[in-house]
Amino acid sequence: MTSDMIPDSDDFGADNEIEARLKAEALIIDVDGFEGPLDLLLTLSRTQKVDLRKISVLQLAEQYLAFIDKARSLRIELAADYLVMAAWMAFLKSRLLLPPDPADEGPSGEELAAHLAFQLERLEAMRRAAARLMARDRLGRDHFARGIPEDVAATRRIDYTATILDLMQAYARIRTRDDFEPLSLKRDAVFTMEQALERMKGLIGQAIEWGDLAQYLPIGWTSDPRRRRSATAATFAASLELAKLGQVELRQDEAFAPILLRRKGPVHGT
Amino acid sequence: MEPEIGIVRDSLFEAPPLGEQERMVEAILFASAEPLGQSAIADRLPHGCDAAAALAALVKRYEGRGVRLVRVGDAWAFRTAPDLGFLMQKERVETRKLSRAAIETLAIIAYHQPATRAEIEEIRGVSVSRGTIDLLLELDWIRLGRRRMTPGRPVTFVVTQHFLDHFGLESPRDLPGIKELREAGLLDNRPPPGAMPGLIGDDADQGEDWDIPDDDQEEMFD
Amino acid sequence: MEPEIGIVRDSLFEAPPLGEQERMVEAILFASAEPLGQSAIADRLPHGCDAAAALAALVKRYEGRGVRLVRVGDAWAFRTAPDLGFLMQKERVETRKLSRAAIETLAIIAYHQPATRAEIEEIRGVSVSRGTIDLLLELDWIRLGRRRMTPGRPVTFVVTQHFLDHFGLESPRDLPGIKELREAGLLDNRPPPGAMPGLIGDDADQGEDWDIPDDDQEEMFD
């Protein structure tokens, strides 16, 4: 809607009409302030100065149609919904005035009027309720929350669980641990042929001159007799394996003399 | 903290006396600016405590004091007595002035909840702008309820705990005049008789607005 | 709001009774975002009020309650009672299995109590970290027993009543003996699968594993 008003000087001229003209203008200008046809209807209904439940819908229809006519005569552009409502109010008016047509299956004029009255009453009721709601004591205006809330520190607590079975198993494990130890002790002083072979393959590249096999024993395996024995046997077995592969030559000058070893041919794999 | 944890642990065997429980609930609620649900309070109390009994005792204790223990939906909070609001000018927060559309929409949701957008529009006789709903959601006064099990499965709106807190309401049942409105049938969902046109503009437009598929409905709240 | 403004106006002529003043100070301090000095409080009270008297009455009223009115420098503020500080901790409880070191240590103490640390280490064959003992003490599953009357007078550890309750035992004597353990198949001469990885590998490595300092032991609980 627009408040763009073009006063029509033909309609209003006489002194005593000025007041009426101002009144009409005020209402028209207010179209902008109405929130749609229902709101306008509610305002118009108030001019009947009766309880909304006793409102005359017929009279309201006439009031609405007169209002729309006036707006048109003032060349005020009305939104489509106001015009749709005007058409419907005209229809309702005719329904209320004419005797019911038995062939017509639609709702009666009274039913339609009753529902319109209900809608107006409901809208009015919601507005009053809204006003009462907004007038209540409000947080931050009338009642207040704690100004210095104390922060709740979030902490993590760990709940440890253990069952009697866990406890028994743990104890059993400790008491039986000795039984397993020999198994691992055996491996303690064993240097395997595979380990020796791996180790020697990395070293024979440098063995251009004859050298004592004993120098190939791994560090830490020479002082403890048990470990030295195992390492010597493994290293000797590994050197035989390498000789078989043609990668080294072995020589022993006499029985129990040091076993000597040197590289033979191109070295593979390193 | 060890000694305190110790206290909690002892209480596994015996709940503290009611007077102690009352003190604990008092401390917990005093420390929070937001209302706390009874179960949230109970969770923080030592095992075996009766949060409901402690709350009832506290409500009584603070009756008529400068601060009161109030119920907010399922939650509880200390709030200053409303008659002393005038002393708190400094703390007063300027609330945004709400449009008439926003206020009415809020009231309709509160009194009719859960309410769909179509129902709000039917009552107000005009379409509800997205901005109005957004504003109310942003203020945390309304939130989405369950979808209505009608064609199109429209979303519904309900008021929040924050709404109750803000307006000092224990529950939506305490809305001013709600009983009278209900008795007068003004909260009934009365369908318009057959040939009645929608009061908001064109039926065609309206149809488009209301038949938004779920996806679109969701979008409204992003 | 009018009626409240009315009160202010009236009070220009006559100060409210002390009980009312106390309510006012209570509300003001509750809602204030910072501690308030006495003069700041007085400024907010209606004319003719006695802030000092109202404060004194309030301090008394909150004595022994869950919150207290305390002096913070020159100002006043409500604070949680110190003994209820533990309520301001929101605990997230995580359930965790006791580490192997801890359960073994606990088992040794339970079966051999009173047991010294050296005895525990001898039985386990590895050193016992302080963290393990501390954890068991903190859990209130072990406590200090009498000192052993041997050179160095070492402390001993015994299990607690809480330990007995947790494990559903009436006394430490109710713990199943070695014979029963064997009958239950718990002393089978085979390590339970995966239970003792350290013992199968080489000893050198194992030694390293077992001599972990306290810090590393702690890590085992994470």
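Numbers restart at 1 for each chain; the letters A, B, ... are given by sequence-line order, proteins then strands. Side chains are part of it too, since the values below use all heavy atoms of this structure and drop only hydrogens, waters and symmetry mates.
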Who wins among [options] for the most heavy-atom pairs under 4.5 Å with chain A?
{"options": "B:Leu98, B:Leu169, B:Leu106, B:Val67", "answer": "B:Leu169"}
{"options": "B:Glu34, B:Gln89, B:His112", "answer": "B:His112"}
{"options": "B:Val70, B:Leu29, B:Val93", "answer": "B:Val93"}

Quick one: pull up [atom1] in [X] and [atom2] in [Y] and give me the separation to the nearest 0.5 Å.
{"X": "B:Ile108", "Y": "A:Leu123", "atom1": "CD1", "atom2": "CG", "value": "7.0 Å"}
{"X": "A:Arg138", "Y": "B:His166", "atom1": "CZ", "atom2": "NE2", "value": "3.5 Å"}
{"X": "B:Arg79", "Y": "A:Phe144", "atom1": "CZ", "atom2": "CZ", "value": "11.0 Å"}
{"X": "B:Arg124", "Y": "A:Leu38", "atom1": "CZ", "atom2": "CG", "value": "10.0 Å"}
{"X": "A:Glu35", "Y": "B:Ser127", "atom1": "CD", "atom2": "OG", "value": "9.5 Å"}

Discussion item. Determine whether B:Arg100 and A:Asp39 satisfy the following criterion, salt bridge (charged side-chain N to carboxylate O under 4.0 Å, His left out), listing intermediate values before the conclusion.
Written reply: CA-CA 12 Å; B:Arg100 185 167 129 183; A:Asp39 187 26; 3.0 Å; yes
Discussion item. Using every non-hydrogen atom in the two residues, find where A:Pro149 and B:Ser32 come nearest and quote the distance to one decimal.
Written reply: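 So the two residues come closest at CB-C, 4.4 Å.
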Discussion item. Between B:Glu122 and A:Gln119, does the side-chain contact (heavy atoms from CB on, under 4.5 Å) criterion hold? Intermediate values first, please.
Written reply: CA-CA 9 Å; B:Glu122 153 85 9; A:Gln119 283 179 299; 3.4 Å; yes
Discussion item. Does B:Asp188 have more than 12 heavy atoms from other residues, nucleotides or ligands lying within 6.0 Å of its CG?
Written reply: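 More than 12 heavy atoms, drawn from other residues, nucleotides or ligands, come within 6.0 Å of this atom.
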Discussion item. B:Phe78 vs A:Arg146, test: side-chain contact (heavy atoms from CB on, under 4.5 Å). Steps then yes/no.
Written reply: CA-CA 7 Å; B:Phe78 277 113; A:Arg146 175 86 186 269; over 6 Å; no
In terms of heavy-atom proximity below 4.5 Å to chain A, should [X] be classed as side chain, backbone, both, or neither?
{"X": "B:Ala77", "value": "neither"}
{"X": "B:Leu181", "value": "side chain"}
{"X": "B:Ala81", "value": "backbone"}

Item to complete: Output yes when a side-chain donor or acceptor of A:Arg136 lies under 3.5 Å from a complementary backbone atom of B:Gly168, and no otherwise.
Response: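 Side chain of A:Arg136 to backbone of B:Gly168, a donor-acceptor pair under 3.5 Å: yes, one is there.
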Discussion item. Checking the side chain of B:Thr80 only, and the main-chain atoms of A:His143 only, is there a donor and an acceptor separated by less than 3.5 Å?
Written reply: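 Checked: no pair found.
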Worksheet item: How would you list, by chain and number, every residue that makes a ring pair (Phe, Tyr, Trp, His ring centres under 6.0 Å) with B:Phe167, sequence neighbours excluded?
Response: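 Only B:Trp141, B:Phe163 meet the ring pair (Phe, Tyr, Trp, His ring centres under 6.0 Å) criterion with B:Phe167.
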Would you mind writing out the side-chain donor-acceptor pairs for residues 37-46 of chain B within the sub-3.5 Å range, not counting sequence neighbours?
unit_1, atom_1, unit_2, atom_2, d
B:Arg44, NE, C:Leu87, O, 3.2
B:Arg44, NH2, C:Leu87, O, 2.7

Practice prompt. Report the C-alpha separation of A:Arg122 and B:Ile123 in whole Å, then their side-chain angles, then the decisive distance to 0.1 Å, and conclude whether the side-chain contact (heavy atoms from CB on, under 4.5 Å) test is met.
Written response: CA-CA 7 Å; A:Arg122 183 172 62 180; B:Ile123 294 170; 3.5 Å; yes
Worksheet item: Between A:Ser108, A:Ala130, A:Ala125, which shows the greatest number of heavy-atom pairs under 4.5 Å with chain B?
Response: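 Heavy-atom pair counts peak at A:Ala130.
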Fill in: Minimum side-chain heavy-atom gap A:Asp142-B:Phe86 below 4.5 Å
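Not touching, per the 4.5 Å side-chain cut-off.
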Worksheet entry | Candidate pair A:Met126 and B:Glu104, rule side-chain contact (heavy atoms from CB on, under 4.5 Å), full reasoning | CA-CA 7 Å; A:Met126 278 302 110; B:Glu104 287 182 15; over 6 Å; no
